[in-house]
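First up is the structure itself, then whatever we jot down about it.
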Amino acid sequence: MENIAESLELLLGRIRLTEQKYGRNPGSVKLLAVSKTRIVNDIRAARACGQLDFGENYVQEAVNKILEINDPRLIWHFIGPVQSNKTRQIASHFHWVHGVDRVKIARRLSDARPQHLPPLNICIQVNISNETSKSGVSPEELPQLAAACRGLPNLRLRGLMTLPEPWPDIEQQRIPFRKVRMMLDSITSSEYPLDTLSMGTTNDMEAAIAEGATIVRIGTALFGERT
Ligand SMILES: *Cc1c(COP(=O)(O)O)cnc(C)c1O
């Protein structure tokens with residue numbers, strides 16, 4: 001557990017230094033600890049050091065852990081692909097969903113959001129390197145999907161999420177993140193401000209922060225390699 005405390009401190013230090021390096025406001029980048037495949041005790045160890053936001057990809061695994069940990073201060077983010085037969089569970093147990101890429105999914109999440117809970121925060125996933133089968137909406141389809149999400153009563157559109165293909169160097173990594181930042185600007189309006197760019201993982205966190213990420217989603221650098 002000491003390991004996790006140490007890695008968390010190093011990681012937060014790295015985030016703060018990167019904010020400084022690229023002229024970002026101190027504290028403007030939030031760490032989302034990606035805890036998929038990790039045991040409950042690892043999540044508790046990070047929690048004990050003050051980490052509150054956790055990201056999960058697999059619904060059943062996540063719901064089991066959320067119920068077992070049962071800590072009302074934790075903020076759970078669903079970051080995996082959303083299947084339509086899982087929307088009820090996701091809408092009931094999570095605070096955020098980062099991978100919304102179809103109107104049908106957005107509508108189902110809104111319909112399934114329990115009335116005693118505040119609107120579900122969502123990010124639309126965009127696909128800017130569209131050669132692979134990765135999920136995400138194309139830049140052309142984004143304005144329409146954003147408008148549809150804004151019209152749904154139990155969702156609160158917060159911004160965009162992306163998971164570009166891995167590039168070895170920071171200059172290449174910055175290109176897709178810059179495109180997504182410009183896409184966020186293009187759909188932001190004064191009646192409906194957007195405040196979230198969910199981008200950057202262990203390998204491309206610096207590039208994402210340089211281009212305006214407000215949430216970085218980090219697993220490996222915090223908890224170690226996944227097996
Ligand atoms: C697993 C995952 C991450 C974390 O990746 P690391 O390389 O372990 O930091 C971030 N975002 C998504 C969508 C993921 O599935």
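The figures here come from the full heavy-atom set of this structure, side chains too, leaving out hydrogens, waters and symmetry mates. Model, not experiment: these values are computed from the prediction. All ligand and atom numbering here is 1-based and tracks the order in the structure.
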Self-check item: Polar side-chain atom of Glu141 near backbone of Ser138 as donor-acceptor pair, under 3.5 Å
Solution: yes
Quiz prompt | Numbering as shown, the atoms of ligand 1 that approach Ile218 to under 4.0 Å (heavy-atom distance) | solution = 9 (O)
Self-check item: atom 8 (O) of ligand 1: nearest protein contact (heavy atom, Å)
Solution: Thr220 OG1, 2.6 Å
Quiz item: Is the Phe54 ring parallel, tilted or perpendicular to the Trp76 ring (thresholds 30°, 60°)?
Solution: tilted
Exercise. Apply the test side chain to side chain contact (heavy atoms under 4.5 Å, CB included) to residues Tyr58 and Thr37: give CA-CA distance (whole Å), side-chain angles for both, the deciding distance (0.1 Å), then the verdict.
Key: CA-CA 9 Å; Tyr58 311 106; Thr37 78; 4.2 Å; yes
Exercise. Within a distance under 4.0 Å of any heavy atom of Asn57, pick out the atoms of ligand 1 and give their elements.
Key: 14 (C), 15 (O)
Exercise. Taking only heavy atoms of Gly219 into account, list the atoms of ligand 1 that are under 4.0 Å away from them.
Key: 4 (C), 6 (P), 8 (O), 9 (O)
Quiz item: Are any of the N or O atoms of Asn203 closer than 3.5 Å to those of ligand 1?
Solution: no
Self-check item: Short N or O distance, Ala221 and ligand 1, threshold 3.5 Å exclusive
Solution: no
Quiz item: Is it true that Lys179 and Glu211 have a side-chain N and a carboxylate O under 4.0 angstrom from each other?
Solution: no
Quiz item: So, Arg38 side chain and Gly224 main chain: donor-acceptor pair closer than 3.5 Å or not?
Solution: yes
Quiz item: What protein heavy atom sits nearest atom 9 (O) of ligand 1, and how far off is it?
Solution: Thr202 OG1, 2.6 Å
Practice problem: Around atom 15 (O) of ligand 1, find the nearest protein heavy atom and jot down its residue, atom name and distance. | Solution: Lys36 NZ, 2.7 Å
Quiz item: With a 4.0 Å cut-off, would you call Glu68 and Lys65 a salt bridge?
Solution: no
Exercise. Applying salt bridge (Lys or Arg N to Asp or Glu O under 4.0 Å), name anything that partners Asp185, two or more places apart in sequence or on another chain.
Key: none
Quiz item: Within less than 4.0 angstrom of ligand 1, does Met205 place any heavy atom?
Solution: no
Quiz item: Checking Glu56 side chain against Glu61 main chain: does a donor-acceptor pair fall under 3.5 Å?
Solution: no
Self-check item: Minimum non-hydrogen distance to atom 4 (C) of ligand 1, winning option of Arg217, Glu225, Met199
Solution: Arg217
Quiz item: If you measure from atom 12 (C) of ligand 1 to every heavy atom of Val34, Val216, Ile79, which option wins on shortest distance?
Solution: Ile79
